[in-house]
Protein chains: 2
Amino acid sequence: MGRKRTKSGKIRLAEVAELAGVSPITASRFFRNPEALSVAKRTRVESAARELGYVPNLAARALASQRTEVIGVLIPSLTNNVFSDVLRGIYDASENSRYSIQLSNTRYSILQEEKLLRLFLAQKPAGLIVTGIDQTTESRAMLEAADCPIVQIMEIGPNPVDMMIGFSHFDAARAAIAHLFAQGHRKIGFVGARMDPRVQRRLDGYVAAMKDAGLHDQRLIVTTATPTSVTLGGALFADLLARESGIDSVFCANDDLALGVLFECRRREIAVPEQIAIIGFNDLEFMASSVPTLTSVRTNRYEMGSTAAAMLIEAIEGKRPEEPVLDLGFTVIERQSSQAQRAAASSRAPEWAPAVQNDSVTNDP
Amino acid sequence: MGRKRTKSGKIRLAEVAELAGVSPITASRFFRNPEALSVAKRTRVESAARELGYVPNLAARALASQRTEVIGVLIPSLTNNVFSDVLRGIYDASENSRYSIQLSNTRYSILQEEKLLRLFLAQKPAGLIVTGIDQTTESRAMLEAADCPIVQIMEIGPNPVDMMIGFSHFDAARAAIAHLFAQGHRKIGFVGARMDPRVQRRLDGYVAAMKDAGLHDQRLIVTTATPTSVTLGGALFADLLARESGIDSVFCANDDLALGVLFECRRREIAVPEQIAIIGFNDLEFMASSVPTLTSVRTNRYEMGSTAAAMLIEAIEGKRPEEPVLDLGFTVIERQSSQAQRAAASSRAPEWAPAVQNDSVTNDP
DNA sequence: AGGATCGTTGACAGCGCTACCAGCAACGAC
DNA sequence: GTCGTTGCTGGTAGCGCTGTCAACGATCCT
């Protein structure tokens with residue numbers, strides 16, 4: 001097999017072209033735009049490539065074409081369960097595409113995000129997925145100047161840089177509070193940690209709902225910048241109880257905190273939901289199987305990731321969506337921890353039905 | 001600023017060299033091996049690069065040097081909390097290096113792993129991190145033929161391909177059972193899900209310990225190939241109880257299952273640890289704050305990731321570790337859920353001390 | 001003094017692929 | 001018949017960087 005000056009057994013596009021009896025550029029086209037070839041050449045190149053076990057050299061491709069096939073993803077945390085679901089969606093959706101994912105962790109710092117963004121943009125990514133809508137002015141300018149499609153994920157808001165997919169944390173929080181109101185609760189506490197922009201907007205939604213009902217009281221709100229955890233949920237709830245009495249329910253900014261609150265109630269022998277109702281946020285898997293089962297606001301995290309990646313890839317290939325902003329919504333999943341008091345007596349055992357509610361499990365292939 | 005044939009404002013190495021008054025190759029050396037330059041030229045190139053805002057073109061570099069600065073990482077799951085800790089370690093350790101992480105999800109399939117491995121290897125990665133020691137023969141051969149450093153993570157065993165970092169799941173399971181024996185438990189159930197090779201080895205450790213004590217009974221073991229979840233823990237435990245009576249304790253192959261078992265006990269009003277003791281595996285954060293707090297086997301997941309990446313980078317740069325196999329060990333963290341029966345009466349409240357035990361929280365930057 | 005060695009620098013020649021443009025045959029419109 | 005037009009193919013010329021080798025002066029040794 002007559003190679004020219006290539007060393008040991010490396011298969012270049014030139015070898016494939018030679019075996020197929022076409023020019024290198026024709027072989028190249030086969031990989032990028034097969035429809036442009038006549039059927040005869042197409043099959044010849046295809047079988048030659050297979051026979052030689054040809055694998056394209058991505059570095060050479062990137063250098064020659066002046067663009068990469070990399071999708072950059074900027075997320076604020078690798079620890080948070082929420083992001084692992086989103087990421088799984090992103091990886092799944094990109095898996096059978098030509099694009100590869102380049103992930104970076106901003107650690108909830110918009111300055112770090114700006115730095116990483118600069119790094120990414122310098123490599124001319126094919127597309128970018130960024131978290132949230134609270135970039136620095138500088139980041140925002142870079143994103144707007146970038147000549148690749150961009151998807152903002154996790155929430156929606158005005159002025160998308162390009163595309164946007166998420167839901168309204170403000171509305172979701174309002175819905176959570178509305179649910180508690182409907183169950184007869186009035187003195188609703190708020191427990192939040194980390195306080196990133198999305199948690200902040202959940203707090204805003206809570207405050208708005210409470211104000212609308214004339215029930216707002218700053219002393220019902222306990223927050224901290226500390227990263228969230230189950231343990232922290234218990235501690236913050238303890239703070240809340242120490243500060244204020246007569247609280248009948250708690251809205252937790254995420255499910256880990258809610259579980260912590262539940263445990264703290266158990267520790268103090270506070271009956272849930274009879275004495276205190278609990279509602280969490282995100283609807284992680286365990287919420288459906290705790291005792292009592294925990295009410296939460298379900299968010300479509302996996303879909304957020306997979307749809308974002310799918311939209312991005314479509315846009316890279318020229319098929320922009322007609323509607324660039326996609327609201328994935330949320331659902332309040334009512335469970336025992338927030339049932340109205342009259343129903344509470346019979347709520348201990350019968351309604352537990354994991355088979356119906358653990359759908360988040362089945363997403364994992 | 002006299003550029004030759006370059007279009008709009010793109011800064012190449014040649015521009016930097018020109019401004020610094022050196023040849024391009026000298027400028028190139030500044031980025032790869034600054035010590036080889038005289039101090040004078042070094043500072044000249046440095047300031048020129050900064051002034052022009054030069055960012056190297058990675059594709060060109062990869063093409064010219066015939067190697068990439070990519071570390072490939074193959075993990076079996078993006079959902080599992082365990083891997084998100086490992087990943088965080090990997091990303092943190094690689095963050096300030098020149099290497100970037102390329103992540104792929106094998107979904108617990110060694111065939112998928114083989115396919116991804118082939119893909120990775122074709123791009124000549126600088127190094128590779130693979131999960132576990134159960135590759136296909138073909139994968140094994142590819143790994144051994146690869147001309148880059150490789151770290152196997154998550155467990156240790158004989159015949160490392162190259163480097164290896166983890167701990168013995170077999171020994172860790174034995175230690176868990178030994179702990180239960182020490183607390184006076186004899187009829188110890190095993191609850192496992194997913195049953196990947198590492199969970200299988202935990203089961204092997206359990207079986208070995210039970211056999212040594214003359215207590216082995218196949219009916220005490222409940223497993224499923226289904227992905228793990230809290231809900232599933234409860235369901236499997238229910239199966240176990242239905243099948244066998246007189247069980248005094250349960251070893252759960254991971255913490256999610258353990259939490260599910262705890263909830264199932266609560267649902268059935270089985271006192272923990274008085275009637276049933278529970279021990280989990282991994283020591284996730286919530287284990288320290290449940291009620292009762294849950295005993296678990298702590299594993300060093302973040303360190304596993306960060307050390308693996310650090311070792312790999314060292315090896316890529318020529319500094320191989322003197323000892324290629326690193327055992328990170330494990331620790332049985334005793335909590336209320338496995339306390340001996342005599343002590344159980346006083347175990348309800350006093351020993352709960354989250355401040356001491358929630359160290360996994362502080363790892364998150 | 002002559003030779004060997006070291007540290008520093010530069011010239012040259014690609015790495016493997018694709019953008020760009022040109023060429024050619026086949027076809028239809030005028 | 002001439003002139004586009006379309007569909008397919010190939011030649012040329014790099015993309016921006018680094019491996020290799022050679023050259024040079026300075027230093028050290030015999």
Side-chain angles (χ1 to χ4, degrees), chain A residues 3-46 48-49 52-70 98 122-124 126, chain B residues 3-45 48-49 52-70 98 122-124 126 147:
Chain A
R3 264 166 239 129
K4 285 170 199 166
R5 49 188 167 272
T6 314
K7 46 203 158 188
S8 63
K10 217 183 313 163
I11 305 300
R12 309 196 317 291
L13 191 55
E15 273 76 56
V16 176
E18 189 178 332
L19 179 62
V22 299
S23 74
I25 188 66
T26 301
S28 166
R29 267 193 279 265
F30 168 76
F31 291 100
R32 291 174 296 136
N33 185 16
E35 289 77 27
L37 296 195
S38 64
V39 181
K41 306 239 166 178
R42 201 186 308 174
T43 53
R44 291 240 299 284
V45 174
E46 180 168 22
L52 295 173
Y54 171 71
V55 180
N57 181 320
L58 265 41
R61 184 180 283 178
L63 180 59
S65 69
Q66 297 285 67
R67 54 196 162 72
T68 62
E69 288 170 346
V70 168
R98 60 198 305 166
Q123 298 310 323
K124 299 196 191 62
Chain B
R3 261 165 241 131
K4 285 171 202 167
R5 47 186 169 274
T6 313
K7 45 203 157 188
S8 63
K10 217 184 311 161
I11 304 300
R12 309 196 317 292
L13 192 54
E15 272 76 56
V16 176
E18 189 179 329
L19 180 62
V22 300
S23 73
I25 188 66
T26 300
S28 166
R29 268 192 279 264
F30 168 75
F31 291 100
R32 291 174 295 139
N33 185 16
E35 289 79 28
L37 297 194
S38 64
V39 182
K41 306 238 166 180
R42 203 186 307 172
T43 52
R44 290 240 299 284
V45 175
L52 295 173
Y54 171 71
V55 181
N57 180 320
L58 265 40
R61 183 180 283 178
L63 180 59
S65 68
Q66 296 285 69
R67 57 199 162 71
T68 61
E69 287 169 348
V70 168
R98 61 197 305 163
Q123 298 310 325
K124 301 196 191 61
D147 66 343

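Residue numbers begin at 1 in each chain, while the letters A, B, ... track the order of the sequences. Please read all numbers here as calculations on a predicted model, not as lab measurements.
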- Write down the distance between CG (B:Leu52) and P (D:dG16), rounded to a whole number of angstrom. 15 Å
- Message: Using a strict heavy-atom distance below 4.0 Å, which residues from residues 33-41 of chain A are in contact with DNA chain D?
- Response: A:Ala36, A:Leu37, A:Ser38, A:Lys41
- Note on the structure: The nucleotide from D:dG16, D:dG10, C:dG16 with an atom nearest the side chain of A:Gln66 is D:dG16
- Between D:dT18, D:dG10, C:dG16, which nucleotide gets closest to the side-chain atoms of A:Val22? D:dG10
- Query: Quick one: A:Asn57 CG to C:dG14 C1', roughly how many Å, whole number?
  - Reply: 14 Å
- Message: Just the rounded figure in Å: distance from P of D:dG16 to CD of A:Gln123.
- Response: 13 Å
- Integer-rounded Å distance: D:dT9 C1' and A:Glu18 CD: 18 Å
Every protein N/O within reach of nucleotides 20-26 of chain C N/O, cut-off under 3.5 Å:
none

- Note on the structure: Output for pair (A:Leu63 CG, B:Leu63 CG), nearest 0.5 Å, gives 5.5 Å
- Query: Under 6.0 Å from the CZ atom of B:Arg67, do we count more than 12 heavy atoms belonging to anything else shown?
  - Reply: no
- What's the closest nucleotide to the A:Ser65 side chain, out of D:dT18, C:dT18, C:dG16? C:dT18
- Message: From CZ of A:Arg32 over to P of D:dC8, roughly how many Å is that when rounded to an integer?
- Response: 16 Å
- A:Leu63 has its side chain closest, among D:dG16, C:dC17, D:dG10, to D:dG16
- Task: Mind checking B:Arg67 for me? I need base, sugar-phosphate or nothing, with any heavy atom below 4.0 Å counting as a touch.
- Result: sugar-phosphate
- Message: Without decimals, in angstroms, what is the distance between B:Leu58 CG and D:dG16 C1'?
- Response: 11 Å
- Overall bend of the helix from C:dA1-D:dT30 to C:dC30-D:dG1 (five pairs an end, 10° steps) is 30°
- Message: Does A:Tyr54 reach a base, just sugar-phosphate, or nothing at all? Heavy atoms under 4.0 Å.
- Response: sugar-phosphate
Please write out the pairs of protein N or O atoms and N or O atoms of nucleotides 26-28 of chain D separated by less than 3.5 Å, giving the distance to one decimal.
none

Donor-acceptor pairs under 3.5 Å, side chain of residues 21-36 of chain A to any protein atom, not counting sequence neighbours: which ones?
{"residue": "A:Ser23", "atom": "OG", "partner": "A:Thr26", "partner atom": "N", "Å": "3.3"}
{"residue": "A:Ser23", "atom": "OG", "partner": "A:Thr26", "partner atom": "OG1", "Å": "3.1"}
{"residue": "A:Ser28", "atom": "OG", "partner": "A:Arg32", "partner atom": "NE", "Å": "3.2"}
{"residue": "A:Ser28", "atom": "OG", "partner": "A:Arg32", "partner atom": "NH2", "Å": "3.0"}

- Which nucleotide sits closest to the side chain of B:Thr26: C:dC17, C:dG10, D:dG10? C:dG10
- Task: Round to a whole Å and report the spacing from NZ of A:Lys124 to P of D:dG16.
- Result: 7 Å
- Decide yes or no on side-chain contact (heavy atoms from CB on, under 4.5 Å) for B:Gln123 and A:Val55, but give the supporting numbers first. CA-CA 9 Å; B:Gln123 298 310 325; A:Val55 180; 4.0 Å; yes
- Got a donor-acceptor contact below 3.5 angstrom from the A:Thr68 side chain to the A:Ala62 backbone? no
- Task: Take atom CZ of A:Arg12 and atom P of C:dT18, then tell me their distance rounded to the nearest Å.
- Result: 13 Å
- Note on the structure: The salt bridge (Lys or Arg N to Asp or Glu O under 4.0 Å) partners of B:Arg44 (sequence neighbours excluded) come to none
- Task: Write down the atom of A:Val45, the atom of A:Val16, and the distance for their closest heavy-atom approach.
- Result: O-CG1, 4.0 Å
